[in-house]
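The block underneath contains the structure these notes are about, expressed in structure tokens.
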Amino acid sequence: MAARNPGCDFDPTWFESVDINLPAVKRRAATLGTRRTVKKQWQTAWLLRAVTCIDLTTLSGDDTCANVQRLCYKAKQPIREDLLKSLEMTNKGISCGAVCVYPNRVPEAVRFLKEAGASHIPVASVATGFPAGQTPLQCRLAEIRWAVEHGAKEIDIVINRTYALAGNWRGVYIEVKQMREACGEAHMKTILATGELGSLTNVYKASMVCMQAGADFIKTSTGKEGVNAILPVGIVMVRAIRDFFQRTGYKIGFKPAGGIRSAKDACTWLSMMKEELGDEWMRNDLFRIGASSLLTDIERQIFHCVTGRYAAAHELAMA
């Protein structure tokens, strides 16, 4: 487990002269998943790794206790036991990285994970007026504290996009720093809502400011924007992570979220982490994928690897 980022003083010289070359980033993104591909048993190994990095998520207005219960049991046993047995992976601890819910669902998630014998899986909660963040700061801080008090081990906060778009990076820093303090021992993932930041240069600046403020992870999106997790944004964010590590020695995690639905997509994002940051960033203490439907396609691909055919809908439990 990497040492937690304590944050540092706000220093705009780390990012104020940065100007992202959009065509170059797009060219780099176009190479991901095309120059190298993993096949057969290696692909299955990568997909199992991806499963362990999924924050299995439900963030709907019609969430119910039953939804949360189903999600928790699926997080504990994400892949059918007979499939894992065929792959000789039954005792390898294959479970999801976290269960992610709204704050008022945190107590239920904690209870159901305990009932499932999966208390080791952390409950992550979105907070701070997710997804818009357009509520008073004290309300956003109180929401963090409530979720932590009721058992959330990870908090996904949203940054103040109004400040970011106005170039008020000190304001972003001050708010995120207060949110980190409100999180206490819970790990904090800062959602940049990159689809609303206007430019890749702003994405880099927001990434660096949040890491200076003490973020444990930086995350692309709420999943509610028009544009969510896309590879050019991911490249800019992980290179900001690399720059921060070179300056401070602290390793910050990365979480793409929104629109990642296929097993192929998961392998492409893992490939980016391997090529840009190295193998250490392919584990769930430094890499997560925010998703709900992704797990279904991964299990479908693993079923095909084991049986030679694709599963019918009734053969796989939905998340």
Side-chain angles (χ1 to χ4, degrees), residues 1-7 53-59 63 68 71-72 75 96-111 113 119-161 172-194 206-207 209-224 237 241 250-258 284-292:
M1 180 71 72
R4 284 194 75 181
N5 171 29
C53 295
I54 291 175
D55 282 3
L56 202 57
T57 302
T58 182
L59 296 171
D63 282 343
V68 175
L71 205 72
C72 290
C96 290
V99 169
C100 185
V101 294
Y102 277 116
N104 64 323
R105 296 293 172 194
V106 167
E108 295 169 352
V110 171
R111 174 163 57 90
L113 285 170
S119 294
H120 64 283
I121 299 175
V123 174
S125 179
V126 296
T128 64
F130 177 95
Q134 295 282 4
T135 53
L137 178 60
Q138 292 308 313
C139 294
R140 285 178 276 155
L141 296 176
E143 191 174 29
I144 292 172
R145 295 187 189 103
W146 193 94
V148 172
E149 287 169 5
H150 287 80
K153 301 298 184 186
E154 300 175 3
I155 300 292
D156 290 26
I157 64 108
V158 290
I159 69 166
N160 190 321
R161 276 90 90 193
V172 174
Y173 172 87
I174 290 170
E175 285 198 353
V176 173
K177 190 173 179 63
Q178 290 182 69
M179 292 172 187
R180 165 64 192 273
E181 291 169 358
C183 286
E185 295 301 312
H187 280 228
M188 183 178 73
K189 309 190 199 89
T190 56
I191 307 171
L192 306 186
T194 54
S207 299
V209 169
C210 289
M211 291 186 287
Q212 287 182 351
D216 296 293
F217 269 72
I218 52 175
K219 175 179 171 182
T220 60
S221 326
T222 65
K224 310 294 186 182
M237 291 175 69
I241 287 172
Y250 287 101
K251 297 171 182 175
I252 309 302
F254 175 66
K255 178 179 174 180
N284 66 13
D285 61 330
L286 290 171
F287 180 61
R288 299 287 181 82
I289 303 172
S292 52

Taking atom [atom1] of [X] and atom [atom2] of [Y], what is their separation to the nearest 0.5 Å?
X	Y	atom1	atom2	value
Ile241	Lys251	CD1	NZ	12.5 Å
Arg4	Glu185	CZ	CD	6.0 Å
Leu141	Met179	CG	CE	6.0 Å
Cys96	Leu56	SG	CG	4.5 Å
Met237	Phe217	CE	CZ	11.0 Å
Cys53	Asn284	SG	CG	5.0 Å

Residues 123-135 vs salt bridge (Lys or Arg N to Asp or Glu O under 4.0 Å), sequence neighbours excluded, gives none

Under the criterion side-chain contact (heavy atoms from CB on, under 4.5 Å), which of Asn160, Ile159, Val209 is the partner of Val176?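 Exactly one option meets the side-chain contact (heavy atoms from CB on, under 4.5 Å) with Val176, and it is Ile159.
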
Have a look at Thr194 and tell me which of Thr222, Thr220, Ile218 forms a side-chain contact (heavy atoms from CB on, under 4.5 Å) with it. Thr220

Can you give each donor-acceptor pair under 3.5 Å made by side-chain atoms of residues 142-153, sequence neighbours left out, with the distance rounded to 0.1 Å?
| unit_1 | atom_1 | unit_2 | atom_2 | d |
| --- | --- | --- | --- | --- |
| Glu143 | OE1 | Thr128 | N | 2.8 |
| Glu143 | OE1 | Gly129 | N | 2.8 |
| His150 | ND1 | Trp146 | O | 2.8 |

Answer yes or no: is there a side-chain heavy-atom contact under 4.5 Å between Val126 and Cys100? yes

Using side-chain heavy atoms (C-beta onward) and a distance below 4.5 Å, is Lys224 in contact with Leu59? yes

Shortest non-hydrogen contact from [X] to [Y]?
X	Y	result
Ala186	Ile155	CB-CG1, 4.3 Å
Ile54	Ala291	CG2-O, 4.2 Å
Val158	Pro131	CG1-O, 3.9 Å
Ala215	Asn5	O-ND2, 3.0 Å

Using the six-membered ring wherever Trp is involved, compare the ring planes of Tyr102 and Phe130 and label them parallel, tilted or perpendicular (cut-offs 30° and 60°).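 The rings of Tyr102 and Phe130 stand perpendicular, inter-plane angle above 60°.
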
I'd like to know if the side chain of [X] reaches the main chain of [Y], judged simply by a donor and an acceptor atom lying under 3.5 Å from each other, with no hydrogens or angles considered.
X	Y	result
Asp216	Met188	yes
Arg161	Ala193	no
Arg140	Thr135	yes

Taking salt bridge (Lys or Arg N to Asp or Glu O under 4.0 Å) as the test, write out the residues that go with Arg288, two or more places apart. Asp55, Glu154

Go through Asp156 and Lys219 one step at a time and tell me if the salt bridge (Lys or Arg N to Asp or Glu O under 4.0 Å) criterion holds. CA-CA 8 Å; Asp156 290 26; Lys219 175 179 171 182; 2.9 Å; yes

